[in-house]
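The block underneath contains the structure these notes are about, expressed in structure tokens.
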Amino acid sequence: MRVGLFITCLGDTLFPATGRATVAVLERLGHTVVFPAEQTCCGQMHANSGYEEEALPLVRGFARCFGGDDLDAIVAPSGSCVAMVRDHYPRLAAEAGDAALAEAVAALSPRVFELCEFLVGELGLEDVGAFFPHRVVYHPSCHGLRMLRLDEAPLRLLGGVGGIELRELGEAETCCGFGGTFAVKNADVSAAMLADKVRAVLDSGAEVCTATDSSCLMHIDGALRRQRTGVRTVHVAEILAAVEGR
Amino acid sequence: MVLGRVRAAIADVPAGEVLAFDRDGAEAEARYERGGTLDVAARLALFVERAGDYQAEVTVCADEGAAIAAAVGAACARHATRRVVVPDGLDRAWVPDAIEPVADDPPLAWPDLAACDGVLSGCELAIAVTGTVILATGPAQGRRAATLLPDLHVCVVRSHQIVETVPEAIARLATPIAARRAITLISGPSATSDIELKRVEGVHGPRRLELIVAAPGP
Amino acid sequence: MTPAGGFPAAARAAVADSQLRANLRGATHAIRDKRAAAVAEVADWEELREAGRLIKERAMRHLDRHLEDLEAAVIAAGGQVHWAPDGAAANRIVGDLVAATGSAEAVKVKSLATDEIGLNDALAARGIDVLETDLAELINQLAGDTSSHILVPAIHRNRAEIRELFLRELPDPGELDETPAALAGAARRFLRERFLRAEVAISGANFAVAETGTVGVVESEGNGRMCTTLPRTLITVMGIEKVLPRLSDLEVMLQLLPRSSTAERMNPYTSLWTGVTPGDGPEGFHLVLLDAGRTNALRDEVGRQALHCIRCSACLNVCPVYERTGGHAYGSVYPGPIGAILTPQLSDLESGATLPWASSLCGACYDVCPVKIDIPTVLVHLRGEVVRREAGGSKDAAERLSMKAAAYAFGSTTRYRRAQRLALRALRVLAKVPVLGRLVPGPLAAWITVRDLPEPPPETFGDWWRGRRP
């Protein structure tokens, strides 16, 4: 398959290892990865913060960048950015009264997948040949859980990883408190939510906390490092890319 | 003025659009279960179980006057209840000798009703899935105050009055509602969880609910 | 109505109250688990939710017709109907109705709509003494306090506080230990006497059926039955959005509401009355139909679904924000996720303008809503409305500027890459001299109070990709 990589602005700028891992997994499975160079940001931050007008050019940019019919699928290592495209793009296009954009978005969005969703749902895989001999706990991010309905897909993939020891996360389905600008606009509530999430991660006894979203991981990691817990955060893609002997 | 504002607010809605949810022609994803599937015996058993779940005391007896009267007498005895309001139209064969029936005719003043130990009534129908009995103003069920102020409510439910589902019950309420009879759905005794979410039974209504379920013999 | 500083300031104080947080956590988790069990037992729950959504959507889309039908049906059944464009009008109407009975007191069933319009205070100003009869509302009334939860309004108080309150405020509390049963018993004795003598009752309504004129109150304690049965005059104040087109709509709502609200298969008592029933109950029935901003919400094609709410409070109990702040931080009788979309709309964004941001958009509320109100989408939509409304104002000018700058940067790959380099350079400086981040109050300072910043990578993904392929 020709897979277009939707790297996301956050991943591109701050978490390139996650993007490299996504490429590694997809290529290992025999797919051709294409990285459309014109991509920037999907507009999630703007749309979710009330700046829909500013988000609209980014929606158009995304549609231009990924709209060609040379891609079989578009994959991102981010549940929330995929949810933005699939769930919010149609609404934004409709509200803008832009019929051409609405049509482009409708054609595009069914081909956009979060990485785990793509591997399990589209390719029917659970074992991607990864090896990661660590105690790992999985935090299901809200957008993956409740918008994309990823269900067990990430856990099935993690379960297929060699050497891994999966731990149970208490109150796993509770938000970590990131929520984009929520983390700074309602910093106190966000911090309280984060504190509970970090406690659950520590209680799990894991060495590594993983998730499908770099944004949630950045949030959780910020507290894990501040508290010098020694627990690392690693994106699911990086676990799936890891192989024995490396 | 309010209606004018409403009309202005929904000016976007096409005038000819369908007005209300049509359950017979409902969209597939909105087609919920309306009718029950249980036979009479299973329905009865479910009602007894579910009513019991909500701390109503349930006695099953034969659907004949003497058996019902005996069950009512036992229920009243459990709560040391003697003076019992008996609404007009209630089958007198259900009234045990051991209790003192009090007629609500002419209508009793509230303090006099409240001074009675209990009330014995029939019901309009009952719902198995939720363990609910439904009263409607009228014969054997009296007026609402009579089944509200005394501390014990003994309610006779005859098995043919039990429907399985909530939709079946609402359908059967259309007639009494058209007659402007007041309807009360009762599921267990009154309760509150307002203090630290601890459930306390018996706040304002009757603190005890005894259900006598009368079923034809095998 | 909204406290100074809006939700973030009120939330800060609430989050700092560890006792409150512990109470809230215990309570919300207990109800949330019970609800999940009550819902799991219903095989057609999703179909019921969809039916509930459609019923409310269609009721709102033709609200004028349904209200006219309701008015006609109530009048035909011997009741009277009054229209109140705003809270002041409703309060005046109710005050006049009570005054006409010659009584100077009324018993009242818990009603959010009347709390919203400040009915009790308005009546007190006219010398009418209104007694709340729901146990939690009574507790709040005696304490001069306001509700913190739709379903359990005194969730912020523990038994010892309530016992002290009763000993101080009830006329004859007697010996009173602090078991909930004893406290409820004291309330029963006190209220019983007032029920028996009351000439007037005031209630809200969970719904009114346009087709038949039937009004319903769903409750647990029996105070609703007392109020709707014993007094000669019953005055019901109901928001116009509570109308249901058909009697058969009840078969859906009476399945959705109890399980979502108290996590019961059915609540202990539901009263349904149709006008006046000869020989049974009140001789006079008045239905006051309240707008008070509902038509503002109705005007908004996205936001109007907030009016579908059946006040079950399930969204409060699953909300991670509500769980940590409680209801008071929302500065409204409607707290939690539903309050965050309802309150601003009722006031045409005049109050509660910070509430649409009182959410991490985690979506837990949408999942449990029995009528499928897409709260996250409405929150985002209202954020847009507030931003548009405040455009050009000085408020949040810095945020506006940075959002615009970011959008500009994302608009071309050249600008985007330049911005990436700038951001990474700034991060590298901050990594070396973290104290710099605290100098300027704002997003950065808020972030680093409890979190480290991410470690800046040596190169972006794009740089790596371009270096990798010829």
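Every chain is numbered from 1 and lettered A, B, ... according to where its sequence line falls, protein lines coming before strand lines.
Considering only heavy-atom pairs separated by less than 4.5 Å from chain C, the leading option among B/R31, B/R7, B/E17 is B/E17. Most heavy-atom pairs under 4.5 Å with chain B: of the set C/R246, C/R265, C/E211, C/K56, this distinction falls to C/R265. Between chain C and the options B/V166, B/L148, B/I134, the largest number of non-hydrogen pairs under 4.5 Å is found for B/L148. Interface check for chain C: of the options B/E201, B/E29, B/M1, the most heavy-atom pairs under 4.5 Å are formed by B/E29. In terms of non-hydrogen atom pairs under 4.5 Å with chain B, the most contact-rich of C/A59, C/A181, C/G213 is C/A181. Here B/R180 is the residue among B/R207, B/R143, B/R181, B/R180 with the most heavy-atom pairs under 4.5 Å with chain C. For the set B/D12, B/T132, B/L197, the entry with the most heavy-atom pairs within less than 4.5 Å of chain C is B/D12. Interface remark: of the candidates C/E46, C/E50, C/H62, C/H62 forms the most heavy-atom pairs closer than 4.5 Å to chain B. Taking B/E33, B/R50, B/E168 one by one and counting their heavy-atom pairs under 4.5 Å with chain C, the maximum is reached by B/R50. Taking C/N296, C/T133, C/D291 one by one and counting their heavy-atom pairs under 4.5 Å with chain B, the maximum is reached by C/D291. With chain B as partner, the option from C/R299, C/R61, C/R58 having the largest number of non-hydrogen pairs under 4.5 angstrom is C/R61. When the candidates C/G52, C/G222, C/P180 are compared by the number of heavy-atom contacts under 4.5 Å with chain B, C/P180 comes out ahead.
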Dump the intermediate steps for side chain to side chain contact (heavy atoms under 4.5 Å, CB included) on B/V6 and C/R65, then the final yes or no. CA-CA 10 Å; B/V6 170; C/R65 299 269 296 278; over 6 Å; no
Using the rule given for side chain to side chain contact (heavy atoms under 4.5 Å, CB included), can you reason through B/V129 versus C/Q255, listing the C-alpha separation, both sets of side-chain angles and the distance that settles it, and then say yes or no? CA-CA 10 Å; B/V129 164; C/Q255 293 190 76; over 6 Å; no
List the steps, then state whether side chain to side chain contact (heavy atoms under 4.5 Å, CB included) holds for C/L254 with B/L185. CA-CA 10 Å; C/L254 286 180; B/L185 283 72; 4.2 Å; yes
Please evaluate residues C/M60 and B/I10 with respect to the criterion side chain to side chain contact (heavy atoms under 4.5 Å, CB included), reporting the C-alpha separation (whole Å), side-chain torsions for both, the decisive distance (0.1 Å), and the verdict. CA-CA 8 Å; C/M60 290 308 108; B/I10 54 176; over 6 Å; no
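Note: C/E264 CD to B/R199 CZ = 5.5 Å, rounded to the nearest 0.5 Å. Here OG1 of B/T192 is found 3.5 Å from CD of C/E221. Values are rounded to the nearest 0.5 Å. Between atom CD1 of residue B/I195 and atom CD of residue C/E178 there is a gap of 10.5 Å, rounded to the nearest 0.5 Å. Atoms CD1 and CD, on B/I170 and C/E251 in that order, are 7.0 Å from each other to the nearest 0.5 Å. A distance of 7.0 Å separates CD1 in B/I177 from CG in C/L250, rounded to the nearest 0.5 Å. Between atom CD1 of residue B/I186 and atom OH of residue C/Y269 there is a gap of 6.0 Å, rounded to the nearest 0.5 Å.
Looking at B/L149, the atoms closer than 4.5 Å to chain C (heavy atoms on both sides) sit in the backbone and in the side chain alike. Looking at C/A76, the atoms closer than 4.5 Å to chain B (heavy atoms on both sides) all sit in the backbone: N, CA, C or O. Heavy atoms of B/A174 lying under 4.5 Å from chain C belong to its backbone as well as its side chain. Only the side chain of C/R259 has a heavy atom closer than 4.5 Å to any heavy atom of chain B. Proximity to chain B (any heavy atom under 4.5 Å) is restricted, for C/I240, to the side chain, taken from C-beta onward. Only the side chain of B/V200 has a heavy atom closer than 4.5 Å to any heavy atom of chain C. Using a 4.5 Å cut-off between heavy atoms, B/T165 makes no contact with chain C at all. Using a 4.5 Å cut-off between heavy atoms, C/T214 touches chain B through its side chain atoms alone. For C/I139, the part lying near chain B is the side chain, with the backbone staying farther off; criterion is any non-hydrogen pair under 4.5 Å. For a residue to count as touching a neighbouring chain, one of its non-hydrogen atoms must lie under 4.5 Å from one of that chain's; by this rule C/A84 touches chain B with the backbone only. In this structure, the portion of C/R192 lying under 4.5 Å from any heavy atom of chain B is its side chain and not its backbone. Both the backbone and the side chain of C/S248 come within contact range of chain B, with heavy atoms under 4.5 Å apart. Only the side chain of C/E301 comes within contact range of chain B, with at least one heavy atom under 4.5 Å from a heavy atom of that chain. The contact between C/A187 and chain B is made entirely by backbone atoms, counting heavy-atom distances below 4.5 Å. The contact between C/L196 and chain B is made by backbone and side chain atoms together, counting heavy-atom distances below 4.5 Å. Looking at C/L67, only its side chain comes within 4.5 Å of chain B, counting heavy atoms on both sides. Both the backbone and the side chain of C/P268 come within less than 4.5 Å of a heavy atom in chain B. Using a 4.5 Å cut-off between heavy atoms, B/P107 does not touch chain C at all. Interface residue B/P189: only backbone heavy atoms are found under 4.5 Å from chain C.
No donor-acceptor distance shorter than 3.5 angstrom exists from the side chain of C/D44 to the backbone of B/Y32, with no hydrogens or angles considered. A distance-only check finds a donor-acceptor pair linking the side chain of C/D280 to the backbone of B/R144 [under 3.5 Å]. At least one donor-acceptor pair under 3.5 Å links the side chain of C/R188 to the backbone N or O of B/V203. With hydrogens and angles disregarded, a donor-acceptor distance shorter than 3.5 Å links the side chain of B/E196 to the backbone of C/R159.
The two residues B/A30 and C/L54 come nearest to each other via the heavy atoms CB-CD1, 3.7 Å. The minimum heavy-atom distance linking C/L230 with B/A145 is given by the pair CD2-CB, 3.8 Å.
The existence of a salt bridge linking C/R53 and B/E27 is excluded, since no basic side-chain nitrogen approaches an acidic carboxylate oxygen closer than 4.0 Å.
Looking at heavy atoms from C-beta onward, B/R23 lies in side-chain contact with C/I55 at the 4.5 angstrom threshold.
For the residue pair C/R225 / B/T184, no side-chain donor-acceptor distance below 3.5 Å is found, with atom types taken as modelled.
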